[in-house]
Student: 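First the structure, then my questions, so here it is.
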Amino acid sequence: MARGGARATDSKGAVGRLRAGLGLLPRGIALLRARRELWGLALVPALVTAVFVTAAVAGVAASAGAVLDAIAAELPTLEAGAWYTWLWVGPGQLARWLARCLLFGVLAAAALVASLLAATLVSSPVLDALSQRVERIAAGAAAGDDEGFAVGRIAADALTSLGNEARRVAFSLGVWIAISAAGLVVPFGPVLAPLALAAFGVAFLPLEYAGFALDRRRLAFAQ
């Protein structure tokens with residue numbers, strides 16, 4: 001009973017955190033509407049992200065046929081002999097089709113995560129400046145109180161932000177390469193590797209987007 005209760009509490013906690021995270025979206029929109037001085041900095045990463053995500057979606061759509069064929073080649077094939085074998089071959093074929101669709105969806109999601117990471121890397125200097133301004137507003141800075149965040153400050157911090165973001169992206173890329181390589185040699189690797197990549201992306205993205213605030217607090221990447 002205790003274990004079951006703990007699992008239920010964890011599940012409710014996860015749902016609560018998801019709701020809290022989704023609740024940040026209207027708060028962010030409201031902040032942008034109230035503080036127009038953020039519009040310029042917010043527009044740059046939004047446009048960069050739109051370009052990278054559009055490219056990722058176009059690439060996935062263009063290669064969908066080849067990817068689906070490659071996934072199908074890795075999945076076991078079931079053939080019906082006598083008529084009664086359809087009792088298990090039919091459900092097996094349905095499961096094979098569902099697995100094919102699921103794995104393609106996971107790979108498409110991985111491509112989307114990769115595009116978001118690339119967009120964050122390219123726009124990291126601007127995102128760092130935006131993060132600083134939003135944090136100061138949340139701490140109670142008055143509208144128009146932007147001392148220390150002029151163009152010169154953004155330029156001075158650009159290389160630092162870019163370097164920190166490059167380390168995070170390099171770590172992510174290293175994990176992706178390791179998982180992909182393992183997927184080529186372990187049993188059922190082509191099926192398990194996309195799932196592992198998706199799980200890693202979900203776990204890593206919160207750290208990715210919190211990185212600018214953590215950098216300002218001199219927290220090392222390992223911490």
Student: Kindly determine whether Leu197 and Val113 satisfy side-chain contact (heavy atoms from CB on, under 4.5 Å), including the steps that lead there.
Tutor: CA-CA 10 Å; Leu197 288 173; Val113 170; over 6 Å; no
Student: Between the side chain of Ser131 and the main-chain N/O of Leu127, is any donor-acceptor distance below 3.5 Å?
Tutor: no
Student: For Phe204, what residues pass the ring-ring contact (aromatic ring centres under 6.0 Å, His included) criterion, not counting sequence neighbours?
Tutor: Phe171, Phe200
Student: Please report the closest heavy-atom contact between Pro45 and Val126, naming both atoms and the distance.
Tutor: CD-CG1, 4.0 Å
Student: Each residue besides Leu173 in its hydrophobic cluster should be listed here, by chain and number; the cluster joins Ile, Leu, Val, Met, Phe, Trp and Tyr at side-chain heavy-atom distances under 4.5 Å.
Tutor: Ile177
Student: Taking side chain to side chain contact (heavy atoms under 4.5 Å, CB included) as the test, write out the residues that go with Ile29, two or more places apart.
Tutor: Leu25, Arg33
Student: Any chance you could pull the hydrophobic cluster mates of Val51, using side-chain heavy atoms under 4.5 angstrom and chaining through other members?
Tutor: none
Student: With sequence neighbours excluded, tell me which residues meet side chain to side chain contact (heavy atoms under 4.5 Å, CB included) with Val67.
Tutor: Ser63, Ile71, Phe104, Leu107
Student: Side chains of Leu38 and Ile137, heavy atoms from C-beta outward: is any pair under 4.5 Å?
Tutor: yes
Student: Residues two or more places apart in sequence or in another chain: which of them pass side chain to side chain contact (heavy atoms under 4.5 Å, CB included) with Ser115?
Tutor: Phe52, Val53, Ala56, Leu112
Student: Using atom types as modelled and distance alone, determine if a side-chain donor or acceptor of Ser172 lies under 3.5 Å from a backbone N or O of Arg168.
Tutor: no
Student: Could you note down all residue pairs passing salt bridge (charged side-chain N to carboxylate O under 4.0 Å, His left out) where residues 49-72 supplies at least one of them, sequence neighbours left out?
Tutor: Asp69-Arg100
Student: Can you get from Leu47 to Leu121 by hopping between Ile, Leu, Val, Met, Phe, Trp and Tyr side chains that sit under 4.5 Å apart?
Tutor: no
Student: What pairs with Ala213 under side chain to side chain contact (heavy atoms under 4.5 Å, CB included), at least two apart in sequence or on another chain?
Tutor: Glu135, Arg216, Arg217
Student: Shortest non-hydrogen contact from Arg133 to Glu37?
Tutor: NH1-O, 3.4 Å
Student: Tell me, do Val15 and Arg19 make a side-chain contact under 4.5 Å, heavy atoms counted?
Tutor: yes
Student: For Ile179 and Ala193, which heavy atoms make the closest approach, and how far apart are they?
Tutor: CG2-O, 3.8 Å
Student: Drop me the distance from Leu130's CG to Leu43's CG, to the nearest 0.5 angstrom.
Tutor: 11.0 Å
Student: Is Leu31 reachable from Trp39 through a run of I, L, V, M, F, W or Y residues, each pair having side-chain heavy atoms under 4.5 Å apart?
Tutor: yes
